Every structure is written in C-alpha cells, then in structure tokens.
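The next block holds one structure in the form of structure tokens; read it before the comments.
Remember, predicted model here, so these are calculated numbers, not experimental data. Per chain, numbering begins at 1; letters A, B, ... match sequence-line order.
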Number of protein chains: 2
Amino acid sequence: MATPSISHRLAEAAVALFDENGYDETTVDDIAARAGVSRSTFFRYYRSKDDAVFPDHDTLLAAVDARLRASTAGTAIAAVTDAVRIVLTHYVEDADVSLRRYRLVGRVPALRAREIASVARYQRLFREFIGTWMAGTPDADLRAELMSASVVAAHNQVLRGWLRAGGAHDPFGPLDHALRYVIATFQYAEQPKDQIVVAAFPSSASPQAVMEAVRLHLTGGERR
Amino acid sequence: MATPSISHRLAEAAVALFDENGYDETTVDDIAARAGVSRSTFFRYYRSKDDAVFPDHDTLLAAVDARLRASTAGTAIAAVTDAVRIVLTHYVEDADVSLRRYRLVGRVPALRAREIASVARYQRLFREFIGTWMAGTPDADLRAELMSASVVAAHNQVLRGWLRAGGAHDPFGPLDHALRYVIATFQYAEQPKDQIVVAAFPSSASPQAVMEAVRLHLTGGERR
DNA sequence: CGTTCTGATGAAACTCGGTATCATCTTAGG
DNA sequence: CCTAAGATGATACCGAGTTTCATCAGAACG
C-alpha cells in the first residue's frame, strides 16, 4: 500500500483529473505529472488516453470467453447466465470506480463511443457461443444474433439501473429476472410459432396417468 | 454532373485512397489534394477523417425518428417495420457505395468502432419509441431495451448477409422474415410465461360450439 | 462602373495524441 | 565489482483537428 503500482496511480490520476477539469481539458502530460511519471511511461501502461478509464476489459473479456468455452452440451443456459454474472460481478466489486466511470462516460462522447465498442466485443462472444449452440436449428444465425443482443442488452439495462441508483440495491436479483426473461423468450421461440399441438387422452385415463404423461413430456428433453 | 459538389469529390477521394493505400496510410492532406481542395476545406465539410466514410447518418437518423414519431397508437408495429425498412433501403439504393464501405469497415478497426457507435444511436431511437409504446405494462423498460436491441440486430444481420453476398439477392424478404420473428417473439412475451391456462368445456358441448368459442377468443382482442 | 459586403477558400501556426528512438538509471546475477 | 537486462525519461517526429487571418470571387448597391 505504501507505493501503489504505477498503473493504479496513473488510472487514479486520470479519473481524478477528468473529474476535476474535464476529459478534453486534461492532457496526457497532466495525468503523467500527477502520477509522478513521464508521458512515455503513461503510454507504456496504457495504449491511449481513454484506456486509463477502461483498464481491464481485456481480462474480463477473456474470463467471459473462458466461461463460455467451459460449457458442455446441455449446459448452455447456465454458461450464458454465469458469463453475464461474471461481468456484472466485476462492476459491483469496485462499485465506487464503476460509479465514477459511469458519470464520466455519461458526459464524454468519446468515452461513450469507446464503451459501446467494447460492448460489441462481448456481444460477439455471446453470438458465437449461442450460434454454435443453436447450429442446425432453423434460423440459427438470426436467432443467435437476436439472443446475444438481448443478453447483452439485459445486462446493460440492469447495470445501468444499478449505477443510476448509486449502487444501492443488489443487482443480481434483477439480473436473474432479466436473464430468465431473455431465456424464456428465446426458448419458446425455438418451437415454431404456428404449430398446433393437440393433446388427446382416452376419456378412460385417470388424472394420475395424464399428469404422469405431462410430467414426462415436460422433463424429457432437459436434465433439469 | 460537370462539377460534382466538393462534398462528393471529397468522399470519393477518401474512399478511393483508403481502398488503394489503407486508412492509416492516407492523410487528410492526401484526400484534399486528390479532391483538388485544401486541407482546411476538407475539415469544413467533414468533422473528421472518418466522417468522409459515413456521410449521411444524421439524415438517415432523422428520417427514422420522423417515421417513428409519425406513428399513432395502434400502429406501432408498422412504424417500427417501416423505420427499419427506411434504413435498409438507404443502403440498398447505393449498393456499390455500401459494398465498398462494408469492405473498408471490415478492415479498419477505427471505422468499425465508429459504425458501432452510430448503430447505438439508432437503437436509442427505437428504445425510446418502444418504451413509450409499452409504457405501463410490466417490465416495460427491460422489454423495450431487449426489443430495440433485437430490432437493430435483426436489421444488421440482414444487412450484413446482403453485403456479404455482394448485394446480389433482394434483402427485403429476409428483413420481413426477421422482423416478423422479432415481433412475434416479443409479442408473445407480453403475456407472462408461467401462467397456466386450462380450458374446460362441458362434455355435452358440440364441436361447433367449442370451435366458435375458440375463434371468438382468438380474434377477440386483435383487429386482424 | 466602382465600391462594399459577404461567403468560400487557402495558408499557417498551434495543440495534443500517439509512435519511435536513444540515453540513462536501476538492479539482479555472476 | 562488473555486466547485462529491464524500466524510465527525454526528445523528435507524424498527423488529426482547431483557430486565426488573409485572399478572392461574386452579389448587392449606389
């Protein structure tokens, strides 16, 4: 704690200066000076000025990718849910940093563009995963595109709500709710819409027998 | 035709040079020189270097906004469909420009980021429209977010497919298909998923009476 | 016809982000 | 003690974008 890493000092200096004087008004020299290093060193730790605001997106992206790749057939839903939770957890863990960044990004168009671009990278991971998961079913590409867009949108909606509320309430309840909604929506869509299902039972069948048949049908395909 | 506008000359010079020598390797001076004007003039017509590649996003955005605002209650679905079609039409109309830009954007990360950011602006329009449309229903914000993301994703999926195919086939069929899918998906979702509906008829009911009851139920709420 | 005003263009200087290069310093290891 | 390697600083450079001023063409007006 005596001497925090240069990377940390730079990031803190950057955010502090952006807060105080605005993003465009802050030069890389200013940041480096406050962190007590040279301009050269700044660019050794961050590729660009805005990188100092979004430090660990690559790590996070890798974690999401890893979680998705760790999924085996039949556990796709859990993989998606877990992966999204990983991202949200990351934000919640340093709530104060997330909040400062949120306020900052809201004011600086350049940073907003940067953030939107990084969101697209997450969506790409989900799209590829869901795409291979759905491969073979009708409209697989389209549905993968839509579902991945929805998954990411759901996460962002919950995250923004949490950030707007100042990080007060627990966001994982809403996240689960939103994800359940997404999954239910796109799962239902897996069966063609205009198919008509007629269930017929012999009028002699006992209620128990009917119930058992229904239960078997409902639990047949899915493990849980 | 004798003297095309400076704006046109600049855009053509830019795209041509980007194609020939690459984006980073082309300076604004090069573009201006080929267009026969000065560097100053370039920046009078385009705010930035990449602006020359995305000239009319603002106009298009305004057209989408206008179409959405022109909608009255009950015609929301048509408004969304029309608005998306406006965008796709714009791309299809100058197919060659769209194709060159597509290839260019695919190779240059800076341009890709720029494009992704502009997509977010479209989504925002749709989100706000769908949000007010759904206002009052449960989970309106979440569903507006998801549906707008899906609408935009559907458009982009169709557009990319059309571009990858070199602008060969007609894309409006696939677009309608995709949009119908989106609308059906999120319309169904309006009724809660886990509600269990049990229909019961007296065993004495004639088939005709049952059919009539079903027909009334199906056509009751919707005009068509 | 000449003057004047306006709008468009060009020229030049400047800031700053980002890259490349070289010198200097520190420090581990022999 | 010496050396090699890695981290840092200093400097120069390129190019995007902004600002300011000069110039020039043409329209309006007397």
Side-chain angles (χ1 to χ4, degrees), chain A residues 2-55 57-58 101 104-105 107-118, chain B residues 2-55 57-58 104-105 107-115 117-118:
Chain A
T3 47
S5 77
I6 292 185
S7 158
H8 263 69
R9 288 205 329 255
L10 281 171
E12 288 216 1
V15 175
L17 286 171
F18 293 162
D19 259 338
E20 295 171 17
N21 310 330
Y23 180 79
D24 289 325
E25 289 70 25
T26 304
T27 72
V28 174
D29 279 295
D30 298 337
I31 303 172
R34 176 178 287 218
V37 297
S38 77
R39 205 175 96 98
S40 303
T41 299
F42 176 91
F43 283 110
R44 284 200 185 88
Y45 284 86
Y46 296 104
R47 258 179 284 197
S48 62
K49 187 176 163 183
D50 48 16
D51 249 32
V53 186
F54 306 100
H57 258 158
D58 287 331
R101 180 165 48 201
L104 197 56
V105 169
R107 288 199 309 263
V108 182
L111 295 181
R112 195 158 40 230
R114 166 68 189 261
E115 186 169 68
I116 289 169
S118 74
Chain B
T3 47
S5 75
I6 292 184
S7 159
H8 264 69
R9 290 212 320 263
L10 281 171
E12 289 215 3
V15 175
L17 286 171
F18 293 163
D19 259 337
E20 295 171 17
N21 310 329
Y23 181 78
D24 290 325
E25 289 70 26
T26 304
T27 73
V28 174
D29 278 294
D30 298 337
I31 303 171
R34 177 180 286 218
V37 297
S38 77
R39 206 176 97 97
S40 302
T41 299
F42 175 91
F43 283 110
R44 283 200 185 87
Y45 284 86
Y46 297 104
R47 257 181 282 207
S48 62
K49 187 177 164 183
D50 49 15
D51 249 34
V53 185
F54 305 101
H57 258 158
D58 286 333
L104 197 56
V105 169
R107 286 200 310 262
V108 183
L111 295 181
R112 194 159 39 229
R114 165 70 188 260
E115 185 168 70
S118 74

Response to the item:
In 5'-to-3' order, the base (B), backbone-only (S) or no-contact (-) status of each nucleotide in nucleotides 11-17 of chain C, using a 4.0 angstrom heavy-atom cut-off, is BB---SB

Worksheet entry | Those residues that, when tested against B:R34, pass salt bridge (charged side-chain N to carboxylate O under 4.0 Å, His left out) (two or more places apart) | B:E20

Worksheet entry | Bounds of contact between DNA chain D and chain B, in 5' to 3' order, using a heavy-atom cut-off under 4.0 Å | D:dG15 to D:dT18

Worksheet item: What does A:I31 touch in the nucleic acid at a heavy-atom separation under 4.0 angstrom: a base, only the sugar-phosphate, or nothing?
Response: nothing

Item to complete: Applying salt bridge (charged side-chain N to carboxylate O under 4.0 Å, His left out), name anything that partners A:R101, two or more places apart in sequence or on another chain.
Response: none

Response to the item:
Residues at least two apart in sequence or cross-chain that pass side-chain contact (heavy atoms from CB on, under 4.5 Å) with A:A11, listed by chain then number, are A:Y46

Response to the item:
salt bridge (charged side-chain N to carboxylate O under 4.0 Å, His left out) filter on A:D30, not counting sequence neighbours, yields none

Worksheet, complete the sentence: Here the pair of heavy atoms bringing A:V37 nearest to A:L10 is CG2-CD2, 3.8 Å

Item to complete: For B:I6 and for A:D50, locate the closest nucleotide of DNA chain C by heavy-atom distance; then report the residue assigned to the nucleotide nearer the 5' terminus.
Response: B:I6

Practice prompt. Applying side-chain contact (heavy atoms from CB on, under 4.5 Å), name anything that partners A:F43, two or more places apart in sequence or on another chain.
Written response: A:V28, A:R39

Worksheet item: Just how far, in rounded Å, is C1' of C:dA8 from CZ of B:F42?
Response: 17 Å

Item to complete: Report the residues that fulfil salt bridge (charged side-chain N to carboxylate O under 4.0 Å, His left out) with A:R107, sequence neighbours left out, ordered by chain and then residue number.
Response: A:D19

Response to the item:
Hits for side-chain contact (heavy atoms from CB on, under 4.5 Å) against B:A33, two or more places apart or cross-chain, chain-then-number order -> none

Worksheet item: With a non-hydrogen cut-off below 4.0 angstrom, is A:Y45 in contact with a base, only sugar-phosphate, or nothing?
Response: sugar-phosphate

